[in-house]
Number of protein chains: 2
Amino acid sequence: MTTQPSQPPARSRVLQAYEDLLINDGPRAATLDAVAAAAGVSKGGLLYHFKSKEALTAGLVEKLGELAEVDFALMAKDPDGCAKYYVRTSVFGGTTFDRTVVAAMRLAQGDDTTVRAAFSKMHERWYQLILGDIGDPAIARAVMLIGDGLYYNAALFGLPAHVGNDAGPDGSVDVQSLLAVVERMGSAPRT
Amino acid sequence: MTTQPSQPPARSRVLQAYEDLLINDGPRAATLDAVAAAAGVSKGGLLYHFKSKEALTAGLVEKLGELAEVDFALMAKDPDGCAKYYVRTSVFGGTTFDRTVVAAMRLAQGDDTTVRAAFSKMHERWYQLILGDIGDPAIARAVMLIGDGLYYNAALFGLPAHVGNDAGPDGSVDVQSLLAVVERMGSAPRT
DNA sequence: TTTACTGTACCGGCTGGACGGTCTAGACTA
DNA sequence: TAGTCTAGACCGTCCAGCCGGTACAGTAAA
């Protein structure tokens with residue numbers, strides 16, 4: 001039995017392994033051999049599903065896009081509002097989307113135009129949603145930047161497994177008080 | 001004339017070229033050959049000054065540390081206060097320090113523990129300065145994150161040559177209104 | 001119901017090129 | 001002529017992509 005439909009198919013296992021390696025060991029370590037090994041597939045098998053490393057990245061971007069659409073929808077109808085939703089979900093929580101975002105972010109500093117463009121698009125959508133919620137462009141921008149800062153810190157430095165209720169120097173942040181700050185910003189008088 | 005003391009010596013030209021390549025083309029493109037060529041130096045010449053690529057990175061980190069000390073001093077005695085100083089200077093302005101920070105940031109996602117540690121230290125110092133200025137940990141954290149977001153966006157996406165007064169989707173940000181938001185945050189009532 | 005053929009899924013050795021680092025020959029200065 | 005620095009050929013390693021092969025499932029003619 002070469003194929004076992006009852007477990008994740010090779011293609012998605014490969015994508016998953018690629019993400020894991022990007023997150024844990026960085027882009028340099030995410031070689032085709034390493035990805036294949038981590039996915040429990042041979043190199044040839046990997047290349048059967050993804051013609052090249054570029055195609056592998058494209059696969060990741062595609063997955064990112066799909067998950068982003070879901071996120072946009074959740075954000076738009078969150079009872080707390082888009083701004084708080086953005087900051088709240090920017091703290092790495094270990095969801096599938098989080099992992100895919102962080103993995104893709106690791107790729108974004110390379111010459112990878114594809115990944116960069118995908119992020120631009122996502123950012124624009126998020127910004128529009130927050131702006132529509134908040135109204136003030138400057139505050140919307142500030143909220144976005146707070147979320148970005150959280151995500152980037154998570155991507156560059158270790159990913160805190162659990163978010164403590166005390167603010168460490170880099171990683172962990174007290175989300176509750178941060179959300180309170182965002183709340184005050186949102187209700188502050190316009191310029 | 002192998003050495004011309006009247007112009008930047010080879011060592012600093014190499015460091016400069018390394019930064020430029022990191023910023024413009026990413027870490028992958030910053031090979032020893034490329035750096036040497038960009039610095040107008042042979043590969044052997046480069047390796048005379050920096051024994052290895054690791055030593056080259058260490059040189060960058062050292063430069064970063066020195067420039068950071070200057071920045072801390074400026075920050076501590078800025079009339080606008082530390083928080084506004086941080087956000088204001090987080091917008092890429094093309095200064096030597098900016099370029100060094102962004103270059104080092106490009107290196108930080110690798111397995112480069114040295115660079116990572118240097119950033120942790122810098123972050124901690126900045127945070128302490130802002131906290132001393134602002135008082136509220138949550139707001140200080142929010143200010144830091146806004147600055148981080150600005151820097152990371154600059155590092156990952158293109159560096160805007162000039163900061164426009166209109167907020168584009170990703171890169172350019174209206175600093176003035178952002179500073180106003182920070183100001184309101186700083187004067188907001190504590191939780 | 002056996003045999004022959006086709007397409008899908010996967011394997012792993014190989015190669016060519018790129019890169020980091022070494023080595024030696026030499027040029028300029030003091 | 002000793003010291004300082006440059007130059008670039010060269011070597012070993014690593015990696016992406018290629019390619020010849022294997023295993024098996026489905027189909028269909030005989």
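Order of the sequence lines fixes the chain letters, A, B, ..., with proteins taken first and strands second; residue numbering starts at 1 for each chain.
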query = Any side-chain donor-acceptor pair under 3.5 Å between Tyr152(A) and Asn153(B)?
reply = yes
Arg88(B)/Asp78(B) salt bridge by N-O under 4.0 Å criterion = yes
query = Could you state the CG-P distance from Leu32(B) to dG8(D), rounded to the nearest angstrom?
reply = 16 Å
ask   = Rounded to the Å, how far apart are Leu47(A) CG and dG21(D) C1'?
value = 16 Å
message = Any base atoms under 4.0 Å from Leu46(A), or only sugar-phosphate, or nothing? Heavy atoms, all strands.
response = nothing
inquiry  = Closest approach to the side chain of Lys53(A), judged atom by atom: which nucleotide of dG20(C), dG17(D), dA9(C) is it?
reply    = dG17(D)
ask   = Nearest to the side chain of Thr31(A) - dG12(C), dA16(D), dG21(C)?
value = dA16(D)
task = Mind calculating the distance between OH (Tyr48(A)) and C1' (dC19(D)) to the nearest angstrom?
result = 16 Å
remark   = Here the distance between atom P of dC5(D) and atom CZ of Arg13(B), to the nearest Å, is 13 Å
request  = Could you tell me the separation between the CZ atom of Phe50(B) and the P atom of dT6(D), rounded to a whole number of Å?
outcome  = 12 Å
ask   = Is Arg106(B) salt-bridged to Glu19(B), cutoff N-O under 4.0 Å?
value = no
inquiry  = Using OP1 and OP2 only, check whether a side-chain N or O of Ser42(B) sits under 4.0 Å from dT6(D).
reply    = no
Salt bridge Arg99(A)-Asp20(A), side-chain N to carboxylate O under 4.0 Å = yes
ask   = Base, sugar-phosphate, or nothing: which does Lys43(A) touch, judged by heavy atoms less than 4.0 Å apart?
value = base
message = Side-chain N or O of His49(A) versus OP1/OP2 of dC10(C): is the shortest distance under 4.0 Å?
response = yes
ask   = If you round to the nearest 0.5 Å, how far is CZ of Arg141(B) from CD1 of Ile134(B)?
value = 13.0 Å
key: Given dC11(C), dG17(D), dC10(C), the nucleotide with the shortest approach to the side chain of Ser52(A)   = dG17(D)
query = Want to settle it: does Ala29(A) or Lys51(A) sit nearer the 5' end of DNA chain D, counting the closest nucleotide to each?
reply = Ala29(A)
task = Nearest whole angstrom, please: distance from the C1' of dG21(C) to the CG of Asp33(B).
result = 11 Å
request  = To the nearest Å, give me how far apart CG (Leu56(B)) and C1' (dG21(C)) are.
outcome  = 13 Å
